[in-house]
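Just so it is clear, the model here is predicted, and its values are computed rather than measured. The basis for the numbers below is simple: all heavy atoms, side chains too, and nothing from hydrogens, waters or symmetry mates.
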Amino acid sequence: GNSQIESPVYTIDGTQTPIATEIGTQFPTDPVRITQNYNFFHPGLDLDGITGDTIKPIKKGRIVAVNFSKVAYGNSIIIDHGNKLTSLYAHLSKVEVSVGQEVSTNTKIGEMGATGHAFGDHLHLEVKEDGKNINPLSILPR
């Protein structure tokens, strides 16, 4: 038997175009360099890079908060992914989205930086489920 699954297609004027499949979750940086892991005292993941590196959402969702601050998380973004899952991206040098905006895993939401309480350029990523911090690695691809 043929076990291949056909990808869905839209037919426009008789032409067939494969739909780009939305990936489930992804790391927000490329390449991925984890400099600090999730633990009780550090409720997120630190990803190394340089100011200006593109940051993308870990999952599609909607922007629910954008904060510009000189302290704590600095310039940060919070995305609601549905199913009580949210993600926070902190210390950004640049924010390129606004509250209410729908984003996909291909959307550039901002650029890495060192704003707020940060020692050097990095992205601080936090993931919450039902308002409680969880280890981002528990939902990110292995």
Side-chain angles (χ1 to χ4, degrees), residues 3-142:
S3 61
Q4 271 193 319
I5 298 164
E6 286 295 308
S7 64
V9 291
Y10 281 127
T11 304
I12 304 160
D13 306 335
T15 58
Q16 292 197 323
T17 317
I19 296 166
T21 52
E22 170 77 38
I23 56 175
T25 61
Q26 68 182 3
F27 279 91
T29 59
D30 181 26
V32 174
R33 290 189 295 269
I34 297 170
T35 53
Q36 192 171 356
N37 272 306
Y38 177 90
N39 63 53
F40 181 77
F41 298 103
H42 184 256
L45 206 56
D46 283 352
L47 294 149
D48 190 23
I50 55 171
T51 291
D53 281 2
T54 293
I55 305 296
K56 292 183 175 179
I58 57 164
K59 241 172 120 67
K60 68 178 180 183
R62 188 170 53 86
I63 308 294
V64 291
V66 173
N67 293 300
F68 296 96
S69 172
K70 299 243 183 290
V71 295
Y73 289 137
N75 302 335
S76 64
I77 297 169
I78 298 175
I79 301 176
D80 185 344
H81 304 288
N83 297 325
K84 299 186 175 174
L85 194 72
T86 61
S87 58
L88 168 117
Y89 308 79
H91 311 309
L92 304 173
S93 62
K94 195 183 276 185
V95 170
E96 301 197 0
V97 289
S98 50
V99 172
Q101 186 176 335
E102 297 283 339
V103 295
S104 77
T105 48
N106 296 320
T107 309
K108 178 181 175 180
I109 58 170
E111 293 180 2
M112 186 174 292
T115 57
H117 185 67
F119 298 99
D121 318 359
H122 73 284
L123 174 72
H124 175 77
L125 170 71
E126 287 186 21
V127 177
K128 288 188 177 184
E129 201 167 39
D130 218 352
K132 295 180 187 66
N133 281 99
I134 61 167
N135 187 342
L137 291 177
S138 68
I139 63 161
L140 287 165
R142 295 258 183 282

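- When every heavy atom of Leu85 is checked against every heavy atom of Lys59, the shortest pair comes out as CD2-CD, 3.9 Å.
- Annotation: the span from Lys70 atom NZ to Asn75 atom CG amounts to 7.5 Å, rounded to 0.5 Å.
- Not a single donor-acceptor pair under 3.5 Å links the side chain of Gln26 to the backbone N or O of Pro141.
- Within the 3.5 Å criterion, the main-chain N or O of Val71 finds a donor-acceptor partner in the side chain of Ser69.
- Of all heavy-atom pairs spanning Ile134 and Tyr38, the tightest one is O-CE1, 3.4 Å.
- Put simply, CD1 on Ile77 and CD1 on Ile109 are 4.0 Å apart, with the number rounded to the nearest 0.5 Å.
- Taking each heavy atom of Pro57 and Thr107 in turn, the nearest pair found is CD-O, 3.1 Å.
- The shortest non-hydrogen separation linking Val95 to Val66 is CG1-CG1, 3.7 Å.
- Here the shortest heavy-atom pairing between Tyr73 and Glu126 reads OH-OE2, 2.5 Å.
- Although no hydrogens or angles enter the test, the distance criterion places a donor-acceptor pair under 3.5 Å between the side chain of Asn135 and the main chain of Leu137.
- Rounding to the nearest 0.5 Å gives a distance of 11.5 Å between NE2 of His81 and CD of Glu129.
- For the atom pair NZ of Lys56 and NZ of Lys108, the computed distance is 9.5 Å after rounding to the nearest 0.5 Å.
- When atom types are taken as modelled, the side chain of Ser93 and the backbone of Thr51 share no donor-acceptor pair closer than 3.5 angstrom.
- Closest approach of Leu125 and Ser87 over heavy atoms only: CD1-CB, 4.4 Å.
- Side-chain atoms of Asn133 come within 3.5 Å of backbone N or O of Pro43 as a donor-acceptor pair.
- Note on ring orientation: taking the six-membered ring where Trp is involved, the planes of His122 and His91 are tilted (angle from 30° to 60°).
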Side-chain donor-acceptor pairs of residues 29-37 under 3.5 Å, sequence neighbours excluded:
unit_1, atom_1, unit_2, atom_2, d
Thr29, OG1, Pro31, O, 3.3
Thr35, OG1, Asp46, O, 3.4

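- For the pair Ile58/Pro136, no side-chain contact is recorded, criterion being any heavy-atom separation below 4.5 Å from C-beta on.
- Once rounded to the nearest 0.5 Å, the distance linking CG of Leu92 with CG of Asp121 reads 11.5 Å.
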Notebook entry, point to check: Does the pair Leu140 and Leu45 meet the rule for a side-chain contact (heavy atoms from CB on, under 4.5 Å), with working shown?
Noted result: CA-CA 11 Å; Leu140 287 165; Leu45 206 56; 4.2 Å; yes
